[in-house]
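Since we're looking at a predicted model, the values are computed, not measured. What you see below is based on every heavy atom in this structure, not just the backbone, and it leaves out hydrogens, waters and symmetry mates.
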Amino acid sequence: MSDYMEVVAIVEGRTEQIFVERVLSPYLGNKNIFITAAQISKPGQKGGDVKFSRAERDIGRFLKQRPDIYVTHFFDYYGLKEWPALDTILNQSHTEIAQLLNNAAFAHIIQSYGDYQAQNRFIPYMAMHEFEALLFSDEIILADALDVDVGQIKAIITACEEPEKINNSRETAPSKRLNQLKLSGTFKKTTEGISIAEQIGVEKMRQRCPLFNEWLSQLESKLG
């Protein structure tokens with residue numbers, strides 16, 4: 001078994017790509033896991049509007065390119081329009097929804113790309129809500145960055161119980177909450193969000209976000 005591994009993460013957009021490259025890559029690199037990111041493809045442009053039909057093609061393409069790399073994805077349930085088992089979701093918990101969508105994607109990829117060792121090389125990851133949810137992993141750092149009282153951040157976490165459970169309505173999704181907290185009314189996730197993520201660090205996110213932690217644990221387990 002190799003003492004290092006390479007991973008391609010298919011992501012939704014530019015912010016997630018930067019997060020993987022600037023925050024996750026150095027952290028995992030210290031564990032001999034070398035991860036790169038590619039935005040999900042669609043005709044004429046990159047990023048956004050996640051559909052399984054496109055994700056499946058990208059996953060298959062990377063599985064076929066090299067037999068020694070692992071493939072994962074980093075999408076979020078918020079706003080998802082087309083995905084296996086999506087129509088079976090009713091009132092399940094956030095962890096049950098994530099597991100349901102991950103298992104369904106895994107089954108489809110195994111069926112389509114089993115000849116490429118997809119069962120061992122494909123690791124699905126469906127975040128419950130937007131990337132911005134991870135930024136609530138440290139109330140003090142987030143409050144300082146937004147120049148608001150830390151009590152406002154703590155109140156959100158208390159109401160929702162944990163960052164990954166911050167709810168996904170149009171008014172209360174993580175991104176909308178950050179816009180409301182910003183004096184300007186606009187939170188710039190690609191610049192401000194990544195800077196805050198770097199300050200918080202992956203280890204703190206893992207402590208506060210079980211689904212995120214489980215994803216990284218699965219990647220780490222592939223090294224044996």
Side-chain angles (χ1 to χ4, degrees), residues 1-2 4-17 19-21 24-25 28 31-43 45-90 92-131 134 164 206 209-224:
M1 182 176 291
S2 176
Y4 75 95
M5 61 183 280
E6 296 180 53
V7 182
V8 175
I10 302 167
V11 300
E12 180 172 351
R14 180 62 179 156
T15 303
E16 292 79 12
Q17 183 176 19
F19 174 73
V20 169
E21 294 172 348
L24 272 187
S25 179
L28 292 174
K31 301 171 180 282
N32 287 336
I33 300 172
F34 301 100
I35 190 168
T36 57
Q39 293 180 48
I40 186 171
S41 62
K42 65 178 182 177
Q45 65 185 72
K46 294 281 185 177
D49 191 22
V50 174
K51 293 182 178 179
F52 185 75
S53 55
R54 285 199 295 271
E56 183 178 20
R57 285 196 296 270
D58 286 352
I59 292 164
R61 176 164 56 89
F62 285 113
L63 286 172
K64 290 177 180 179
Q65 278 181 1
R66 283 176 51 190
D68 59 341
I69 64 168
Y70 293 81
V71 182
T72 187
H73 63 66
F74 178 10
F75 303 135
D76 63 77
Y77 169 66
Y78 178 71
L80 199 64
K81 296 182 179 67
E82 181 227 302
W83 200 264
L86 184 63
D87 59 353
T88 68
I89 293 173
L90 298 172
Q92 295 96 325
S93 70
H94 71 301
T95 54
E96 290 170 336
I97 291 173
Q99 184 177 26
L100 180 68
L101 297 175
N102 286 336
N103 289 347
F106 188 76
H108 273 260
I109 296 300
I110 297 308
Q111 184 176 15
S112 298
Y113 301 102
D115 291 343
Y116 296 91
Q117 297 182 311
Q119 186 166 356
N120 181 53
R121 296 172 55 214
F122 173 58
I123 305 98
Y125 170 52
M126 185 66 69
M128 189 59 196
H129 301 309
E130 308 159 303
F131 152 79
L134 297 173
E164 290 178 323
R206 296 186 72 165
C209 303
L211 295 175
F212 180 71
N213 177 62
E214 175 61 22
W215 175 43
L216 298 187
S217 295
Q218 287 188 52
L219 292 178
E220 291 165 347
S221 72
K222 297 297 181 180
L223 267 180

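Surrounding CZ of F52 are more than 12 heavy atoms belonging to other residues, nucleotides or ligands, all under 6.0 Å away. For Q119, the CD atom sits in a loose shell: 12 or fewer heavy atoms of surrounding residues, nucleotides or ligands are nearer than 6.0 Å.
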| task | Please assess K81 against K51 for the test side chain to side chain contact (heavy atoms under 4.5 Å, CB included), listing each intermediate value before the final yes or no. | result | CA-CA 7 Å; K81 296 182 179 67; K51 293 182 178 179; 5.5 Å; no
| request: Step by step, work out the side chain to side chain contact (heavy atoms under 4.5 Å, CB included) result for F19 and L24. | output: CA-CA 6 Å; F19 174 73; L24 272 187; 3.8 Å; yes
| message | The test is side chain to side chain contact (heavy atoms under 4.5 Å, CB included); show your working for F74 and E12 and say whether it passes. | response | CA-CA 7 Å; F74 178 10; E12 180 172 351; over 6 Å; no
| Check against side chain to side chain contact (heavy atoms under 4.5 Å, CB included), D58 and R61 | CA-CA 5 Å; D58 286 352; R61 176 164 56 89; 3.3 Å; yes
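Every residue was checked against the side chain to side chain donor-acceptor pair (under 3.5 Å) condition with Q117, not counting sequence neighbours, and none meets it. Residues meeting the side chain to side chain contact (heavy atoms under 4.5 Å, CB included) test with V7, sequence neighbours left out: M5, I33, I35, Y70, T72, L219. For A85, the side chain to side chain contact (heavy atoms under 4.5 Å, CB included) partners are T88, L100, A104, not counting sequence neighbours. By the side chain to side chain contact (heavy atoms under 4.5 Å, CB included) test, N103 pairs with Q99, sequence neighbours left out. Legend: residues meeting salt bridge (charged side-chain N to carboxylate O under 4.0 Å, His left out) with R121, ordered by chain and number and at least two apart, are absent. Applying the side chain to side chain donor-acceptor pair (under 3.5 Å) rule to T15 yields the partners T190; only residues at least two apart in sequence or on another chain are considered. Take E6 and apply the salt bridge (charged side-chain N to carboxylate O under 4.0 Å, His left out) test, not counting sequence neighbours, and it matches R66. Considering only residues two or more places apart in sequence or on other chains, K31 meets the salt bridge (charged side-chain N to carboxylate O under 4.0 Å, His left out) condition with E220. For E16, the side chain to side chain donor-acceptor pair (under 3.5 Å) test picks out no residue, with sequence neighbours left out. Every residue two or more places apart in sequence or in another chain that forms a side chain to side chain donor-acceptor pair (under 3.5 Å) with S93 is listed here: T95, E96. Partners of F75 according to the ring-ring contact (aromatic ring centres under 6.0 Å, His included) rule, which considers only residues two or more places apart in sequence or in another chain, are H73, W83.
Checking side-chain atoms of E164 against main-chain N and O of L211 turns up a donor-acceptor pair under 3.5 Å. At least one donor-acceptor pair closer than 3.5 Å links the side chain of E82 to the backbone N or O of S53. In this structure, N102 contributes its side chain and M126 its backbone to a donor-acceptor pair below 3.5 Å.
Of all non-hydrogen atoms in P124 and F106, the two that sit nearest each other are CD-CD1, 4.1 Å. Across all their heavy atoms, P84 and L101 have their closest contact at O-CD2, 3.6 Å. When all heavy atoms of S217 and R206 are compared, the closest pair comes out as OG-NH2, 3.1 Å.
For the pair I123/W215, a side-chain contact is recorded, criterion being any heavy-atom separation below 4.5 Å from C-beta on.
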Between side-chain atoms of residues 108-115 and protein atoms elsewhere (two or more places apart, or another chain), which donor-acceptor pairs fall under 3.5 Å?
{"from": "S112", "atom 1": "OG", "to": "E56", "atom 2": "OE2", "distance (Å)": "2.8"}
{"from": "S112", "atom 1": "OG", "to": "H108", "atom 2": "O", "distance (Å)": "3.2"}

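Taking OH of Y77 as the start and CD1 of I97 as the end, the distance is 4.5 Å to the nearest 0.5 Å. With rounding to the nearest 0.5 Å, the separation of CD1 in I59 from NZ in K64 is 12.5 Å.
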